[in-house]
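This one's a predicted model, so the numbers in the text were calculated from it and none came from an experiment.
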Amino acid sequence: MKLITAVVRPERVQQVKEALFQAGISGLTLGRVSGHGGEQELVEHYRGTRVMIEFRDKVELRMAVSEPFVEPAIAAICRSARTGEVGDGKIFVQPLERVVRIRTGEEDHSALTPVTESRAVPLGEVL
């Protein structure tokens, strides 16, 4: 089991969500975040004052997946979030020790996406 965290451009969220759903990943959490990476700082004028914008608005997507879904998820995110410009984002993959579904008490693989391994889209089909 892995926790996949992706930080992407806000304008690419719809494409990323659709790509993940097509790859068989339906459970995800989304949050608005701000960050600073390789992008240059922007200087804007607001009511006659120069304002330096260091942090850019981004969206963080988190999903807990079984092993067969890890590579399809990464491929779907890369394909749908990539613009080729600095600031496209990052993907972080971390191991999960334990997962518990609160409603039923199911644990680990049973508590993850209710889809079975056979529904995982092979890597070649996602690209």
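Across V86 and R9, no two heavy atoms sit closer than the pair O-NH2, 2.8 Å. A pairwise comparison of heavy atoms in V65 and L112 identifies C-CD1, 3.6 Å as the closest pair. Nearest heavy atom pair, residue R79 against residue A19, reads NH2-CB, 3.7 Å. Taking each heavy atom of M1 and H109 in turn, the nearest pair found is CG-CE1, 3.4 Å. Scanning all heavy atoms of the two residues, the minimum distance from P72 to A23 falls at O-CB, 4.2 Å. P10 approaches V59 most closely through the heavy-atom pair CA-CG2, 3.7 Å.
Side-chain atoms of V100 and R98, non-hydrogen and from C-beta on, do get closer than 4.5 Å to each other. Residues V70 and M63 form no side-chain contact, since every pair of their non-hydrogen atoms from C-beta on lies 4.5 Å or further apart. No side-chain heavy atom of V8 sits less than 4.5 Å from a side-chain heavy atom of D88. In this structure the side chain of K2 never reaches within 4.5 angstrom of the side chain of Q94, judged on heavy atoms. Here the side chains of F69 and I4 are not in contact, with every heavy-atom distance at 4.5 Å or above.
The hydrophobic clustering, which links ILVMFWY residues whose side-chain heavy atoms are closer than 4.5 Å, places L30 and I74 together. Side-chain heavy atoms closer than 4.5 Å link hydrophobic residues (I, L, V, M, F, W, Y) into clusters, and following such links, even through other members, never connects V13 to V7. Clustering ILVMFWY residues whenever any of their side-chain heavy atoms sit less than 4.5 angstrom apart, transitively, puts V93 in the very cluster that holds L28.
Residues passing the side-chain contact (heavy atoms from CB on, under 4.5 Å) test with K17, sequence neighbours excluded: Q14, F21.
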Between T5 and L61, is the side chain to side chain contact (heavy atoms under 4.5 Å, CB included) condition met? List the steps.
CA-CA 6 Å; T5 303; L61 298 120; over 6 Å; no
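Atom OG of S26 and atom CG of L20 lie 10.0 Å apart (nearest 0.5 Å). Note that the CD1 atom of I77 and the CD1 atom of I91 stand 4.5 Å from one another [nearest 0.5 Å]. To the nearest 0.5 angstrom, S34 atom OG is 10.0 Å from K58 atom NZ.
In summary, R32 and D57 do not engage in a salt bridge, as defined by a charged side-chain N under 4.0 Å from a carboxylate O. A salt bridge links E60 with R62; the closest basic N to acidic carboxylate O contact falls under 4.0 Å.
The backbone N or O of E106 lies less than 3.5 Å from no partner atom in the side chain of S110, so there is not a single donor-acceptor pair.
Side-chain polar atoms of E85 and T83 form no donor-acceptor pair below 3.5 angstrom.
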